[in-house]
A.B. asks: 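The structure under discussion is supplied below as structure tokens; questions concerning it will follow.
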Amino acid sequence: QVQPVESGGGLVQAGGSLRLSCAASGGTFSMYGMGWFRQAPGKEREFVAAISRFGRNTYYADSVKGRFSISRDNAKNTVYLQMNSLKPEDTAVYFCAAGDAGRSISLYSYWGQGTQVTVSS
């Protein structure tokens with residue numbers, strides 16, 4: 001089974017950028033759609049972006065469309081989330097997940113531990 005591990009979180013000022021990475025080990029990476037979710041304190045985990053197995057299809061939450069971009073490199077078993085024009089409301093723990101690409105949490109079977117993103121105003 002695949003095990004995702006996130007990296008790249010940190011503290012950034014509003015308007016800045018971060019790139020999150022998710023390296024997956026233990027499985028055939030190209031068999032999985034990959035997704036990014038986030039969870040802010042006191043809130044439910046929510047969908048951010050997803051990408052199909054070979055990158056043909058991508059999906060975004062309305063709140064990040066035009067600012068975030070998801071991509072993957074199957075040769076490196078890695079999925080990325082480029083986050084631009086960050087806002088304080090983007091502050092959350094960001095989770096990477098493997099499963100079937102889509103917006104529903106239920107599509108994903110394997111989850112990383114998360115990486116904190118904090119956007120200061």
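The model shown is predicted, which means the values in this text are computed figures rather than measured ones.
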A.B. asks: Quick one, Met34 and Ser71 - any side-chain contact, counting heavy atoms below 4.5 Å?
C.D. replies: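 Met34 does not reach Ser71 side chain to side chain.
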A.B. asks: Would you kindly say whether Ser17 and Asn84 are connected by a side-chain donor-acceptor distance under 3.5 Å?
C.D. replies: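 There is such a pair (donor and acceptor under 3.5 Å, judged by atom type) between the side chains of Ser17 and Asn84.
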A.B. asks: Are Arg103 and Tyr59 close enough that a side-chain donor and a side-chain acceptor fall under 3.5 Å?
C.D. replies: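 No, because no side-chain N or O of Arg103 sits under 3.5 Å from a partner of the opposite role on Tyr59.
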A.B. asks: Cation-pi check for Phe29 against Arg53: NZ or CZ below 6.0 Å from the six-membered ring centre and within 45 degrees of the axis, yes or no?
C.D. replies: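 Geometry flag: not set, cation outside 6.0 Å or 45°.
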A.B. asks: Answer whether the closest heavy-atom distance between the side chains of Tyr110 and Pro4 falls below 4.5 Å.
C.D. replies: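 Heavy-atom side-chain distance check passes, below 4.5 Å.
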A.B. asks: I'd like to know if the side chain of Tyr32 reaches the main chain of Ala101, judged simply by a donor and an acceptor atom lying under 3.5 Å from each other, with no hydrogens or angles considered.
C.D. replies: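 Checked: no pair found.
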A.B. asks: How far does CG of Asn77 sit from OG of Ser25, to the nearest 0.5 angstrom?
C.D. replies: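 Atom-to-atom, Asn77:CG and Ser25:OG are 8.5 Å apart.
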A.B. asks: Does the side chain of Asp100 reach to within under 4.5 Å of the side chain of Tyr108, using non-hydrogen atoms?
C.D. replies: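 No - every pair of side-chain heavy atoms lies 4.5 Å or more apart.
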A.B. asks: For a side chain to side chain contact (heavy atoms under 4.5 Å, CB included) check, start with the C-alpha distance between Val48 and Leu81, then their side-chain angles and the critical distance, and finish with the verdict.
C.D. replies: CA-CA 9 Å; Val48 175; Leu81 184 68; 4.1 Å; yes
A.B. asks: Under the side chain to side chain contact (heavy atoms under 4.5 Å, CB included) criterion, do Cys96 and Val79 qualify, and how do the steps go?
C.D. replies: CA-CA 9 Å; Cys96 175; Val79 62; 3.8 Å; yes
A.B. asks: Does Phe37 have Arg45 sitting over its ring (NZ/CZ under 6.0 Å from centre, angle to axis within 45°)?
C.D. replies: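 So Arg45 doesn't make the cation-pi contact.
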A.B. asks: Considering all heavy atoms of both residues, which atom of Thr115 and which atom of Gly9 are nearest to each other, and what is their separation?
C.D. replies: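 That would be OG1-N, 3.2 Å.
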A.B. asks: So, the side chain of Ser109 versus the backbone of Gly99: is there a donor-acceptor pair under 3.5 Å, distance only?
C.D. replies: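 No; judged by distance alone, with no hydrogens or angles, the pair does not exist.
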A.B. asks: Side chains of Ser104 and Ser106: donor-acceptor distance under 3.5 Å anywhere?
C.D. replies: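 Present: a donor and an acceptor within the cut-off.
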A.B. asks: Within a strict 4.5 Å, meaning less than it, do heavy atoms of the Tyr80 and Leu20 side chains meet?
C.D. replies: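 No, their side chains stay 4.5 Å or more apart.
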A.B. asks: Taking the side chain as C-beta and beyond, is there a heavy-atom pair between Asp90 and Arg67 under 4.5 Å?
C.D. replies: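 Asp90 reaches Arg67 side chain to side chain.
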A.B. asks: I'd like to check Arg38 versus Glu46 (side-chain heavy atoms, cut-off strictly below 4.5 Å). Are they in contact?
C.D. replies: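 Yes, at least one pair of side-chain atoms sits under 4.5 Å.
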A.B. asks: Could you state the interatomic distance from CG (Asn57) to CD1 (Ile70), rounded to the nearest 0.5 Å?
C.D. replies: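 Here the rounded value is 11.5 Å.
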A.B. asks: Has Thr118 got a side-chain atom pairing as donor or acceptor with Leu11's backbone, closer than 3.5 angstrom?
C.D. replies: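 No, the answer is negative, given that no donor and acceptor are paired below the 3.5 Å cut-off.
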A.B. asks: Same cluster or not: are Met83 and Tyr60 linked, directly or through other Ile, Leu, Val, Met, Phe, Trp or Tyr residues, by side-chain heavy atoms under 4.5 angstrom apart?
C.D. replies: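 Result: yes, single cluster for both.
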A.B. asks: May I ask you to test the Leu18-Leu86 pair for a side-chain heavy-atom distance under 4.5 Å?
C.D. replies: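 When only atoms from C-beta onward are counted, Leu86 and Leu18 do touch, with a gap below 4.5 Å.
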A.B. asks: Ile51 and Phe54: same hydrophobic cluster, using ILVMFWY side-chain contacts below 4.5 Å?
C.D. replies: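 Each belongs to a different hydrophobic cluster.
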A.B. asks: Taking C-beta and beyond as the side chain, do Val117 and Thr91 meet within less than 4.5 Å on heavy atoms?
C.D. replies: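 Of all side-chain heavy-atom pairs linking Thr91 with Val117, none is under 4.5 Å.
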A.B. asks: Given 3.5 Å as the limit, does a donor-acceptor pair link the side chain of Glu6 with the main chain of Gly114, or not?
C.D. replies: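 Yes.
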A.B. asks: Counting only N and O atoms by type, is there a donor-acceptor contact under 3.5 Å from the side chain of Arg72 to the main-chain atoms of Thr78?
C.D. replies: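 No; zero donor-acceptor contacts below 3.5 Å.
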A.B. asks: Working note: Cys22 + Phe95, criterion side chain to side chain contact (heavy atoms under 4.5 Å, CB included); need CA distance, chi angles, decisive distance, verdict.
C.D. replies: CA-CA 9 Å; Cys22 173; Phe95 296 90; over 6 Å; no
A.B. asks: Would one find more than 12 heavy atoms of other residues, nucleotides or ligands at under 6.0 Å from atom CD of Gln113?
C.D. replies: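 Counting other residues, nucleotides and ligands, CD of Gln113 stays at 12 neighbours or fewer.
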A.B. asks: Is any NZ, NE, NH1 or NH2 atom of the basic residue among Asp62 and Lys65 found under 4.0 Å from an Asp or Glu carboxylate oxygen of the other?
C.D. replies: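 Salt bridge present between Asp62 and Lys65.
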A.B. asks: May I have the step-by-step check of side chain to side chain contact (heavy atoms under 4.5 Å, CB included) for Ile105 and Phe47, ending in yes or no?
C.D. replies: CA-CA 7 Å; Ile105 285 179; Phe47 169 75; over 6 Å; no
